[in-house]
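Below is one structure; the comments refer to it alone.
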Amino acid sequence: MSMKMHVAEVKPGQLATTHQHYFIERPCRILVIGQRLKAKTKYRCLLRHISIAGAMLDFNATIPLPKHFFLEIEGFKEEIGCSEVYRESAELGVRFNMLLSADFLRRLIRMQFSSGGL
């Protein structure tokens, strides 16, 4: 499993920021937005690991995606804006449009732990 997720396009002289990754296996959905901001298409995928800045997903390599979409993690009502930054075979690395709150990440880790996933 690659750790290439939310790879920032760093300009010369800038430092790349890294965030702690958490290995979490959780079903999720990719929401592709159509006209009038309605969810046009939903695809199933599997969250493999996450940080406050991005995530790595297992996703069908044959399905084309737009550069920007939303991620919905099972058990949470939030739709997280994402941009694709890496894709190779079934691996899909995304960068979140905004950093996740520490509270959201804690709830996700707690939910994973209580379901016996860690």
Side-chain angles (χ1 to χ4, degrees):
M1 173 68 57
S2 171
M3 293 298 282
K4 292 182 183 178
M5 55 190 239
H6 62 79
V7 179
E9 308 257 334
V10 180
K11 295 177 184 169
Q14 287 182 329
L15 297 175
T17 304
T18 59
H19 303 281
Q20 184 169 355
H21 296 239
Y22 300 93
F23 290 90
I24 294 186
E25 286 195 10
R26 188 141 199 97
C28 53
R29 284 174 293 289
I30 291 175
L31 308 174
V32 177
I33 303 303
Q35 293 180 343
R36 299 183 187 180
L37 301 177
K38 301 274 185 189
K40 178 181 171 187
T41 312
K42 293 183 180 185
Y43 299 108
R44 292 181 187 201
C45 58
L46 182 64
L47 176 65
R48 288 294 186 179
H49 53 93
I50 192 168
S51 76
I52 63 169
M56 183 62 73
L57 311 171
D58 275 354
F59 183 67
N60 186 334
T62 62
I63 298 174
L65 285 176
K67 182 78 172 162
H68 306 284
F69 48 86
F70 288 92
L71 182 67
E72 186 178 73
I73 300 171
E74 186 177 284
F76 294 87
K77 62 181 178 183
E78 291 89 348
E79 294 174 351
I80 305 165
C82 300
S83 300
E84 177 183 325
V85 292
Y86 170 80
R87 192 164 187 185
E88 186 172 310
S89 64
E91 290 185 340
L92 173 63
V94 299
R95 177 177 42 224
F96 300 137
N97 296 345
M98 294 176 57
L99 296 178
L100 295 179
S101 71
D103 180 57
F104 178 87
L105 209 51
R106 274 192 297 273
R107 287 187 297 143
L108 179 60
I109 293 166
R110 198 174 310 128
M111 188 178 279
Q112 180 74 12
F113 182 75
S114 66
S115 68
L118 289 179

Task: Closest approach of I24 to Q112 (non-hydrogen atoms, all atoms of both residues) - done: CG2-OE1, 3.5 Å
- [ ] Could you pull out the closest heavy-atom pair between C45 and D58, with the gap in Å?
- [x] CB-O, 3.2 Å
Open item on the list: Below 30° counts as parallel, above 60° as perpendicular, anything between as tilted: where do the rings of F23 and H49 land?
Closed with: tilted
Open item on the list: Using 0.5 Å steps for rounding, measure from the CD1 atom of I50 to the CE atom of M56.
Closed with: 12.0 Å
TODO: Report whether L57 and L46 are members of the same hydrophobic cluster (ILVMFWY, side-chain heavy atoms less than 4.5 Å apart, transitive linking).
DONE: no
TODO: Sort and list the pairs that fulfil salt bridge (Lys or Arg N to Asp or Glu O under 4.0 Å) and have at least one residue in residues 59-69, not counting sequence neighbours.
DONE: none
- [ ] Tell me, please, which residues at least two apart from E78 pass salt bridge (Lys or Arg N to Asp or Glu O under 4.0 Å).
- [x] R107
- [ ] Answer yes if the side chains of S101 and D103 hold a donor-acceptor pair under 3.5 Å, and no otherwise.
- [x] no
Task: Cluster link I30 to L100, ILVMFWY, side chain under 4.5 Å - done: yes
TODO: Determine whether L108 and L47 make a side-chain contact, defined as any pair of heavy atoms from C-beta on separated by less than 4.5 Å.
DONE: yes
- [ ] Please name the pair of heavy atoms, one in N60 and one in R87, separated by the smallest distance, quoted to 0.1 Å.
- [x] O-NH2, 2.9 Å
Task: From R48 atom CZ to C28 atom SG, the distance as rounded to the nearest 0.5 Å - done: 10.5 Å
- [ ] Write down the atom of A61, the atom of A90, and the distance for their closest heavy-atom approach.
- [x] CB-N, 4.3 Å
Task: Where F96 and G54 come nearest, the two heavy atoms and their spacing - done: CD1-N, 3.3 Å
Ignoring hydrogens and angles, write down the donor-acceptor pairs under 3.5 Å from the side chains of residues 68-76, residues two or more places apart or on other chains.
from: H68; atom 1: ND1; to: S83; atom 2: OG; distance (Å): 2.8
from: E72; atom 1: OE1; to: R29; atom 2: NE; distance (Å): 2.9
from: E72; atom 1: OE1; to: R29; atom 2: NH2; distance (Å): 2.9

TODO: Answer yes or no: is there a side-chain heavy-atom contact under 4.5 Å between R26 and M111?
DONE: yes
Open item on the list: Test of understanding: clusters of I, L, V, M, F, W, Y form through side-chain heavy atoms closer than 4.5 Å, transitively. Do Y22 and L92 belong to the same one?
Closed with: yes
Open item on the list: Tell me the closest heavy-atom pair linking S51 and L105, and the distance in Å.
Closed with: C-CD2, 4.3 Å
